[in-house]
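The block underneath contains the structure these notes are about, expressed in structure tokens.
Heavy-atom basis, side chains included; hydrogens, waters and symmetry copies ignored. What you see is a predicted model; the values in this text were computed from it and never measured.
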Amino acid sequence: MMKEVNLAQKLKQYFGFDTFKGDQEAIVRNVLEGNDVFVLMPTGGGKSLCYQLPSLIMEGTAIVISPLIALMKNQVDVINGISEEDGVAHYLNSSLNKAAIDQVKSDITSGKTKLLYVAPESLTKEEYVEFLKTCHVSFYAIDEAHCISEWGHDFRPEYRRIRPIVNEIGRAPIIALTATATDKVRTDIKKSLGILDAKEFKSSFNRPNLYYEVRPKTKEIDKQIVKFIRANEGKSGIIYCLSRKKVEELAAVLCANDIKAAPYHAGLDSQTRSATQDDFLMERIDVIVATIAFGMGIDKPDVRFVIHYDIPKSLEGYYQETGRAGRDGGEGRCIAFYSYKDLQKLEKFMEGKPVAEQDIGRQLLQETAAYAESSVCRRKMLLHYFGEEYLKDNCENCDNCLHPKTKIEASRALLIVLKAVQLLKEDFRSDYVIDFVCGHATNDIVAHHHDQLEEFGEGEDEDTKLWNPVVRQAIIAGFLEKDVENYGLLKLTAAGKRFIKNPEPFMIVEDHEFTEDDTDDDGEAQGSALDPMLYAMLKDLRQKVARQKQLPPYVIFMDASLEQMATVYPVTLEELQNIQGVGAGKARKFGREFVELIKKHCEENEIERPEDLRVRTVAKKSMLKVKIIQSIDRQVALDTIANAQGLDFNELLNEIEAIVYSGTKLNIDYFIDDVMDEEHVDDIFDYFAESDTDDLDTAQDELGPEYSEEEIRLIRIKFLSDMAN
């Protein structure tokens, strides 16, 4: 037992704070007294101080087990920054060389080091275990403790080995800390660490300053995001995507729209990742587009928005990621895009994993889907998920509360559900119960002979869309609960049993319906109207410019480009570059007269232009195009480029055509000289110089069978590049 310590004085001395936040003081006192402690504290609540302060006060070295290398470096720098000498805090992980490791060991042995951060993988190394056995360990802090549980959003098998290794190094008090954990995860953590009697501290998960919103994910998502960021110019934000490919693509789209953004994912080298983190912290860039690999070690208090491009795999992950917004108590907007297709994609990813893992994954996904689809207060749903009751009916800071749906009476439906749960002996999940009340004779129901019960299909006359909201809202209202041990099984509560005996009014809000949007594959909304008068004028102008320049009209702009101009009315060269087939070069070279004509036409006919012209997009294949351009600049043979990029020769020519039609100059003479007869080159070139069309079939008919389609395409590319770009 330690002698009484003036904690307020120590807090001021080491960290410069006058007062503790929330439960911090009680937690620190428990650690000093040698108790095992479990801390559940949301991101930004001051978890790290709970182990940093006692480590500086106690004899020996505290071992902090954390999976986040970036966070270790960050926190070690902070502690060494507030200490008068170096070496008070160290970390041991795979990034250190032998000399650095020796320095760490020497500082610990001499008693200088009070805090040692260790990655769980390093902790299992025999040489470290042997060394730590010789040290005086003050206590163990397990950060990100939810990694222990398969039900957590970031399960890591090596976390399961912590307890046996602690036993080997030598018993000392354990403090487990996590920012997100359901009842199930909490039990799991305490069991695995052998601290079932730990003093438990649970802070409120409510972050009143965060605004939560879920939007349907349509093909216009990139445009929505660009508009949102422009409306919040200069503010810091994080956009989370599930795949590295999408991270790269979206970051490119943002940059093309003059937004200071950068990608971040585990596939980038650590130097690039560090530089990107620094740029974000120093506000040289405003937006990070990232996989969930980002943000763990970032302590930026003024992140103003967090956008989920894809729906997350679990509500815990969602809560932790949104928790990076508004840590300073200021504005924090959390917007998630949801589509049923994404859910199906995530379920598909799980195939091939062990059955138990698939089962857990699907249930976590269902919770996320329930959150997205429900019209109930988002805050109420989130807090309920983490075992906290939110008593207000309207939080006034989420989309569902700001735009509430009309409530409907559903006491009959609730009664049917509660009786079904009772009849099925509280042994099934909500989807089974719903199939039962709707009268769906699924294989599962038939196998259990439940289709033969009198009550089977008792709710079949109700709209099937009613049942999910009834079950979800019955859980929030406390009539039903999900079994913690057998996750997902519906159980009746005492209130539910009372309701069966004495039903009372029960009002619910129906779920949102997320229908797939009607956009075509290019992401253009269908049904946009072409202005025939303007189209005719643009064709006349193209003819005039073609005569002046002594070029065929299609070289100036393709028909498809003119059609789009006559639909969306671009009036500046910048807007013109958003038109399909118009790159910067082509816009500068030919665009001025075209945008002036469109502007005049709009003014004379009082045309209201579509407010938001297409945001500047970056073709999905932009990386491929860059590689092709670079290879041609280096004069690599085209068939070699095709092989290297996994394309057949025709597909490569399609890509090259798209590049030159957009106005980029490409010199493929080196390849043509190598593979084609000089006479053929001249004949085809002369044909395109005199033709009114760039159509391949017409060219083939005119030129005759001795000219191959590939030859004609190669010279058409050369002609367009030489004459137009």
State whether the side chain of R304 and the backbone N or O of A325 hold a donor-acceptor pair below 3.5 Å, judged by distance alone.
no
Looking only at heavy atoms, the pair that brings W467 and C438 closest together is CD1-SG, 3.4 Å
How about NZ on K235, more than 12 heavy atoms from neighbouring residues, nucleotides or ligands closer than 6.0 Å, or not?
yes
Evaluation steps, side chain to side chain contact (heavy atoms under 4.5 Å, CB included), between I500 and L492:
CA-CA 10 Å; I500 292 174; L492 281 174; 4.0 Å; yes
Heavy atoms only: give me the nearest G478-T493 pair and the separation to one decimal.
O-OG1, 2.5 Å
Between L415 and F499, is the side chain to side chain contact (heavy atoms under 4.5 Å, CB included) condition met? List the steps.
CA-CA 7 Å; L415 190 61; F499 189 94; 4.2 Å; yes
Sub-3.5 Å donor-acceptor pair from the side chain of H440 to the main-chain atoms of T442, do we have one?
no
Any salt bridge between R429 and D444, counting N to O under 4.0 Å?
no
Is D328 reaching over with its side chain to a backbone N or O of G330, donor-acceptor style, under 3.5 angstrom?
yes
Just by distance, no angles: are the side chains of Y309 and D342 close enough, under 3.5 Å, to form a donor-acceptor pair?
no
Test item: T178 and R186 side chains (from C-beta on) under 4.5 Å apart, heavy atoms
no
Output for pair (I408 CD1, I508 CD1), nearest 0.5 Å, gives 4.5 Å
Would the number of heavy atoms belonging to other residues, nucleotides or ligands and lying under 6.0 Å from NZ of K491 be above 12?
yes
Find out whether K392 and Y390 are in side-chain contact, i.e. whether some heavy atom of one side chain is under 4.5 Å from a heavy atom of the other.
yes
Whether F305 and F228 hold their rings parallel, tilted or perpendicular, with breakpoints at 30° and 60°:
perpendicular
Would a distance-only check, ignoring hydrogens and angles, find a side-chain to backbone donor-acceptor pair under 3.5 Å from E455 to L423?
no
Between R215 and E213, is there a side-chain N and carboxylate O pair less than 4.0 Å apart?
yes
Short side-chain to backbone donor-acceptor contact, Q24 and K21, under 3.5 Å
yes
A side-chain contact here means heavy atoms from C-beta on lying under 4.5 Å apart; do Y240 and R324 qualify?
yes
When you measure from the side chain of R207 to the backbone N and O of G326, does any donor-acceptor pair fall under 3.5 Å?
yes
Under a 3.5 Å distance rule, please check whether N397 uses its side chain to pair with a backbone N or O of L210 as donor and acceptor.
yes
E388 side chain to F205 main-chain N or O, any donor-acceptor pair under 3.5 Å?
yes
To check you understand the geometry: which heavy-atom pair defines the closest contact between V446 and A441, and what is its length?
CG2-O, 3.9 Å
Within 6.0 Å of CD in Q344, more than 12 heavy atoms from elsewhere:
yes
Salt bridge E249-K246, side-chain N to carboxylate O under 4.0 Å:
yes
Within a reach of under 6.0 Å around CG of D461, are more than 12 heavy atoms found that belong to other residues, nucleotides or ligands?
yes
Using a 4.5 Å cut-off on heavy atoms from C-beta on, say whether the side chain of Y211 contacts that of L402.
yes
Y338-H512 aromatic ring centre distance below 6.0 Å
no
Which atom of V247 lies closest to which atom of C241, heavy atoms considered
CG2-CB, 3.8 Å
What do the steps show when you test Y340 against L343 for side chain to side chain contact (heavy atoms under 4.5 Å, CB included), and what is the final call?
CA-CA 5 Å; Y340 193 67; L343 216 59; 3.9 Å; yes
Donor-acceptor contact present, side-chain D286 to main-chain I259, <3.5 Å:
no
Quick one: sort the Y318 and Y212 rings into parallel, tilted or perpendicular, breaks at 30° and 60°.
tilted
Salt bridge check, K345 against D310: does any charged N sit closer than 4.0 Å to a carboxylate O?
no
Taking the side chain as every heavy atom from C-beta outward, state whether I335 and H308 have any atom pair closer than 4.5 Å.
no
Kindly determine whether E373 and R472 satisfy salt bridge (Lys or Arg N to Asp or Glu O under 4.0 Å), including the steps that lead there.
CA-CA 11 Å; E373 291 168 10; R472 290 167 188 166; 3.4 Å; yes
Quick one: does any side-chain atom of N394 pair with a main-chain N or O of C401 as donor and acceptor, under 3.5 Å?
yes
Report yes if some heavy atom in the side chain of E409 is under 4.5 Å from a heavy atom in the side chain of P505; otherwise report no.
yes
Test log, rule side chain to side chain contact (heavy atoms under 4.5 Å, CB included), inputs K191 and L196
CA-CA 6 Å; K191 265 189 193 162; L196 285 167; 4.0 Å; yes
Carboxylate-amine/guanidinium contact D431 R362, below 4.0 Å:
no
Side chains of D36 and L193 in contact at under 4.5 Å (non-hydrogen atoms):
no
Test item: I311 and L346 side chains (from C-beta on) under 4.5 Å apart, heavy atoms:
yes
Inter-residue atom distance I229.CD1 - K227.NZ, 0.5 Å rounding
13.0 Å
Is any side-chain N of the basic residue among D302 and K300 closer than 4.0 Å to the acidic one's carboxylate O?
yes
A474 and L414 have their tightest heavy-atom pair at CB-CD1, 3.5 Å
May I ask you to decide whether E200 forms a salt bridge with K190, counting only side-chain N to carboxylate O separations under 4.0 Å?
yes
Check against salt bridge (Lys or Arg N to Asp or Glu O under 4.0 Å), D393 and K407:
CA-CA 12 Å; D393 273 339; K407 291 194 167 189; 5.0 Å; no
Is the count of non-hydrogen atoms from other residues, nucleotides or ligands lying under 6.0 Å from E233 atom CD greater than 12?
no
Scanning both residues in full, the closest heavy-atom pair of A179 with L40 reads C-CD1, 4.4 Å
Ring centroid separation for Y385 and Y319, is it under 6.0 angstrom?
no
Aromatic contact, F280 with Y264 (centres under 6.0 Å):
no
Within a 6.0 Å radius of atom CG on N443, are there more than 12 heavy atoms belonging to other residues, nucleotides or ligands?
no
is_close_aromatic(F436, F456), centroid dist under 6.0 Å:
yes
